Amino acid sequence: MKDQFGREIEYARISVTDRCNLRCRYCMPECGVKKIPHAEILTLEEVLRVAKIFSRLGIRKIRLTGGEPLLRKNLSTLVRELKNLSGIEQVTLTTNGVLLKNFAPELIAAGLDGVNLSLDTLDEKIFADLTRRRFFDKVLEGFQTLLNENLSVKINCVPLRGVNDGEILRLSALAEKNFIKVRFIELMPIGCAWESGLRGIPMPEIFSKLEKNFGQLVPVREKNSLQGPAKYFQPKNFVGQIGFIDALEHKFCGSCNRIRLTAEGFLKTCLSFDAGLDVKKLLRADVGDDELSEKISDAIYHKPREHVWQLGIRNVELGMNWRQMYQIGG
Ligand code: SAM
Ligand code: SF4
C-alpha cells in the first residue's frame with residue numbers, strides 16, 4: 001500500500017524480543033534494562049496474525065530483529081510460517097551472531113533468506129569493550145557458519161570515532177574474497193547512543209579511506225526495491241560489496257518503504273517519531289481481522305514524512321520517540 005506521501009510500503013521489521021545477550025554501548029545501558037513481563041510481549045501466533053495482515057496490505061519482506069532475536073524460542077517455526085504467507089517474498093534476520101552457530105541450520109532449513117550480522121570490530125578487545133561481553137569467538141564462529149551456507153550475508157558496522165576507526169579496512173576486506181556485503185551505518189542519535197557520548201564517523205570520511213586503500217569504489221546499481229537505503233560499491237578485485245547507510249547526511253525518508261512492529265506490539269511507522277498504533281491492544285481486545293487491517297492501514301497511511309535528526313535535537317526531549325534502539329529493532 002501507499003502512504004499519504006505516495007511511498008510504497010513493502011518492508012516490515014518485526015522485533016521478537018527486547019532482551020539481549022550483549023550490552024553494546026550505543027544501544028543498551030550496562031546494567032541491562034527493565035525486563036518486560038513475557039505476557040506483554042506478542043506471542044508468535046500474534047506476530048503471525050499481524051504479519052498476515054501486513055502481507056495483505058502489500059508487505060513483501062519481513063526482517064526479524066530485537067533485542068537479540070535468537071534469544072526468542074521457536075524462532076525457526078516463526079520463519080517457516082512467515083515464509084508460507086502468500087505475498088511474503090523474503091524473510092531475513094538481524095542478529096549479533098552470538099547464538100548463530102547453534103541456530104543457523106534450523107533457520108536455513110525453515111527458509112531464511114538472509115542474515116545481517118552486526119559486527120563492529122574484528123578485534124577481540126575492542127569487541128569486549130564495546131559490547132561489554134566476551135563473546136567474540138562465538139560471533140566469529142557464527143559468521144563462519146554463514147559463509148558455508150547459500151544465503152545473503154551482510155555485515156553491519158557502526159563506525160565510532162576513537163573506538164573502531166582502525167577496524168574499517170579490516171572489516172571491508174571481508175568482502176574482498178567473500179560474496180558478502182559489508183555495510184557502514186551512521187550512528188543515529190537514539191537513546192544510549194546519545195547518552196554514551198559516542199560519536200559516529202561521517203560516511204564521506206570512510207569512503208575516501210576505503211578508496212585510498214582499495215582503489216576506486218565503483219557504484220553498484222540496485223534494481224530491487226526491497227534492497228533498502230544502502231548505497232553499494234565494489235572496489236576492483238572484490239567479489240563482495242561495500243555499503244553505506246547515512247540516514248543523517250543523506251536523508252532517504254523520501255523513499256522509505258518500511259514499518260516496524262515492536263516486541264510489545266506497537267506498530268511504529270517512523271524510527272524518529274512515536275507515530276503508529278498499539279496493535280497489541282487491538283489483538284487482545286478480540287478485534288476482527290477486517291477492523292485490525294483497517295486500523296493498521298490507516299496508521300501506515302499516516303507515516304510521518306521525515307526524521308528531524310538534522311536539527312540536532314534529542315527526540316525524546318521533544319516527546320517524539322522515547323524508545324531505545326533495542327526496543328525498536330534497528
Ligand atoms: N541484536 C541484534 C543486532 O545487534 O544485530 C538486532 C537488534 S540491533 C538494535 C539492530 C541494529 O541496530 C544493529 O546492527 C546495531 O548495530 C544497530 N544500532 C543500534 N543502535 C544504533 C544507533 N544508535 N545507531 C545506528 N545503529 C544502531
Ligand atoms: Fe543487543 Fe543488538 Fe543492541 Fe547490541 S545492538 S545491545 S546486540 S540489541
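Counting starts at 1 for both ligands and their atoms, in listed order. Note that the structure is a prediction, hence the values are computed from the model and not measured.
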Shell of protein N/O/S atoms around atom 4 (Fe) of ligand 2, taken as anything under 2.8 Å: Cys24 SG
N/O donor-acceptor pair under 3.5 Å between Lys209 side chain and Asp165 backbone: yes
Element-labelled atoms of ligand 2 that are located less than 4.0 Å from some non-hydrogen atom of Gly67: 8 (S)
Under 3.5 Å donor-acceptor, Glu167 side chain and Leu171 backbone: no
Parallel, tilted or perpendicular: ring planes of Phe244 versus Phe184, cut at 30 and 60 degrees: tilted
Common cluster, Ile41/Leu78, ILVMFWY with side-chain heavy-atom separation under 4.5 Å: no
Note every protein N or O atom lying under 3.5 Å from an N or O atom of ligand 1, pairing the names and giving the distance.
unit_1, atom_1, unit_2, atom_2, d
ligand 1, 1 (N), Gly67, O, 2.9
ligand 1, 1 (N), Glu68, OE1, 3.3
ligand 1, 4 (O), Ser118, OG, 3.4
ligand 1, 5 (O), Thr95, O, 3.2
ligand 1, 5 (O), Ser118, OG, 2.5
ligand 1, 14 (O), Ser118, OG, 2.7
ligand 1, 16 (O), Tyr26, OH, 3.0
ligand 1, 23 (N), Met188, O, 3.0
ligand 1, 24 (N), Met188, N, 2.8

Glu46: partners by salt bridge (charged side-chain N to carboxylate O under 4.0 Å, His left out), with sequence neighbours left out: Arg284
Contacts of type side chain to side chain contact (heavy atoms under 4.5 Å, CB included), residue Cys192, not counting sequence neighbours: Pro29, Gln324
The single option from Lys34, Lys280, Lys281 passing salt bridge (charged side-chain N to carboxylate O under 4.0 Å, His left out) against Glu40: Lys280
Verify same cluster id: Ile53, Phe266 (apolar side-chain graph, 4.5 Å): no
salt_bridge(Glu30, Arg23) N-O dist < 4.0 Å: no
Donor + acceptor pair across side chains of Thr17, Glu68 (<3.5 Å): no
